[in-house]
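When a residue number appears, it is its place in the shown sequence, counting from 1.
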Amino acid sequence: MTFVLSESAIRRTVEGPMTMRDQMRHLVELGRSLPHVSIQVLPFTARSYVAASFGFTILRFGGDASSDVVYTENFTTGDYLDRPETVKAYSRLWDDLRAAALGPAESSLLISQAADEFEKSEP
């Protein structure tokens, strides 16, 4: 499983600094301890992509990309997209996002730094 998180996801405080610190440390641990999990961060300094403002998931069933399905979600509903040209467009976008994001090691360092900053911000 590969995840690309916008840097805003690791900087925006939800439920207080200590909760965020714990969440960031948990992400780092998952990325380090699970060989099938890769976490990348799309930094604020990266080229902007429209998709960075919404989430999507590419689901692959088996090793055959021809059966891929894209899942998108918004405030009121979720949609499964399976038209080949739509899936290809999202796959290209995914490749672009991964290429623009920090690598897993650099992302882990940035997430760790964010955890440290949350810890320092607790009164």
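A pairwise comparison of heavy atoms in A9 and M24 identifies O-CE, 4.4 Å as the closest pair. When all heavy atoms of P43 and A101 are compared, the pair lying nearest together is CD-CA, 4.2 Å. Here the shortest heavy-atom pairing between G78 and Y71 reads CA-OH, 3.8 Å. Heavy atoms only, all atoms of each residue included: S33 and P35 are closest at O-CD, 3.5 Å.
Not counting sequence neighbours, F61 has no partner by the ring-ring contact (aromatic ring centres under 6.0 Å, His included) test. With sequence neighbours left out, the ring-ring contact (aromatic ring centres under 6.0 Å, His included) criterion links Y90 to F56.
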Between R98 and Q40, does a side-chain contact (heavy atoms from CB on, under 4.5 Å) hold up when you go through it step by step?
-> CA-CA 7 Å; R98 289 195 61 210; Q40 293 179 255; 3.0 Å; yes

Apply the test side-chain contact (heavy atoms from CB on, under 4.5 Å) to residues M20 and E119: give CA-CA distance (whole Å), side-chain angles for both, the deciding distance (0.1 Å), then the verdict.
-> CA-CA 9 Å; M20 291 302 296; E119 185 163 35; over 6 Å; no

So L59 and Y80, side-chain contact (heavy atoms from CB on, under 4.5 Å) or not? Walk me through it.
-> CA-CA 10 Å; L59 304 168; Y80 291 94; 4.0 Å; yes

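In terms of hydrophobic clustering, with Ile, Leu, Val, Met, Phe, Trp and Tyr side chains grouped at heavy-atom distances under 4.5 Å, V87 and L97 are assigned to a common cluster. Note: the hydrophobic cluster containing L30 does not contain L109 (ILVMFWY, side chain heavy atoms under 4.5 Å, direct or indirect links). No single ILVMFWY cluster, assembled from side-chain heavy atoms under 4.5 Å apart, contains both I111 and V4. No path of Ile, Leu, Val, Met, Phe, Trp and Tyr side chains, each step under 4.5 Å between heavy atoms, connects L102 with L93, placing them in separate hydrophobic clusters. Under the 4.5 Å side-chain heavy-atom criterion for ILVMFWY residues, no single connected hydrophobic cluster contains both V69 and M1.
A distance-only check finds no donor-acceptor pair linking the side chain of D64 to the backbone of S67 [under 3.5 Å]. In terms of modelled atom types and a separation under 3.5 Å, the side chain of S107 and the main chain of V41 share a donor-acceptor contact. Here the side chain of S108 pairs no donor or acceptor atom with the backbone of P104 at under 3.5 angstrom.
Ionic pairing of E7 and R12 is not present here: no N-O contact between side-chain nitrogen and carboxylate oxygen is shorter than 4.0 angstrom. Ion pairing between E117 and R11 holds under the 4.0 Å rule for side-chain N and carboxylate O.
In this structure, CG in D82 is found 11.5 Å from OG in S66, a value given to the nearest 0.5 Å. With rounding to the nearest 0.5 Å, the separation of CG in D95 from CD1 in I58 is 7.5 Å.
You'll find the side chain of V14 stays beyond 4.5 Å of the side chain of T19, heavy atoms only.
Counting only residues at least two apart or on different chains, no ring-ring contact (aromatic ring centres under 6.0 Å, His included) pair has a member in residues 17-44.
Test T2, L27, I10 against I39 for side-chain contact (heavy atoms from CB on, under 4.5 Å) and you get one pass: L27.
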